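Below, each value reflects all heavy atoms present in this structure, side chains not excepted, and no hydrogens, waters or symmetry copies. As the structure is a prediction and not an experimental result, all values here were calculated from the model.
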Amino acid sequence: MKLKKGDKVKITSGKDKGKDGVIEKTYSKMNKVLINNVNIYKKHIKKNEQMPQGGVVDLARPLDISKVAFHCPKCGKESKLGYVLEKGKKFRVCKNCQSKI
């Protein structure tokens with residue numbers, strides 16, 4: 001998975017198409033990412049110690065990585081990511097402007 005926590009991304013498909021966000025968490029085995037204030041669903045909660053009233057809560061669900069495009073900070077466009085090896089170190093590179101990330 002080439003995307004990491006803290007990367008700025010844009011949603012390319014689904015009900016939140018066109019929204020921007022920052023990755024909060026990555027799920028590499030499922031190929032999903034959790035983005036703040038995107039893909040929000042409502043969940044009904046029973047009464048418990050934390051919520052004595054119970055009720056309806058908004059939850060962000062993870063999005064599939066194929067519905068997300070990396071937003072390059074240098075060129076300002078959505079692009080794919082690649083890797084480059086230099087002096088034994090691996091760097092992520094924007095495919096549009098070839099800048100290191």
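Linking ILVMFWY side-chain heavy atoms closer than 4.5 Å, directly or via other members, places Val38 and Tyr27 in two distinct hydrophobic clusters. Cluster membership for Phe70 and Ile65, using ILVMFWY side-chain heavy atoms within less than 4.5 angstrom, is shared. Under the 4.5 Å side-chain contact rule for hydrophobic residues, Leu34 and Leu3 do not share a cluster. A single hydrophobic cluster is seen to contain both Met1 and Val68, as judged by linkage of ILVMFWY side chains at heavy-atom distances under 4.5 Å, directly or through other members. Hydrophobic clustering (ILVMFWY, side-chain heavy atoms < 4.5 Å, transitive): Val56 and Leu59 are in distinct clusters.
Counting only residues at least two apart or in different chains, side chain to side chain donor-acceptor pair (under 3.5 Å) contacts with residues 37-52 comprise Lys42-Asp58.
The closest side-chain heavy-atom distance from Ile11 to Leu63 is below 4.5 Å. The shortest distance between side-chain heavy atoms of Val22 and Asn36 does not fall below 4.5 Å. Here the side chains of Val57 and Met51 are in contact, with some heavy-atom distance below 4.5 Å. Using a 4.5 Å heavy-atom threshold, the side chains of Lys10 and Asp20 count as touching. The shortest side-chain heavy-atom distance between Cys75 and Ser99 does not fall under the 4.5 Å cut-off.
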Can you give each donor-acceptor pair under 3.5 Å made by side-chain atoms of residues 86-97, sequence neighbours left out, with the distance rounded to 0.1 Å?
residue	atom	partner	partner atom	Å
Glu86	OE1	Lys100	NZ	2.6
Arg92	NH1	Lys2	O	2.7
Arg92	NH1	Asp7	OD2	2.8
Arg92	NH2	Asp7	OD1	3.2
Asn96	ND2	Glu78	O	3.4

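Taking SG of Cys72 as the start and CD1 of Ile101 as the end, the distance is 5.0 Å to the nearest 0.5 Å. Taken from NZ in Lys67 to OG1 in Thr12, the straight-line distance is 8.5 Å, to the nearest 0.5 Å.
A pairwise comparison of heavy atoms in Ile40 and Asp16 identifies N-OD2, 4.4 Å as the closest pair.
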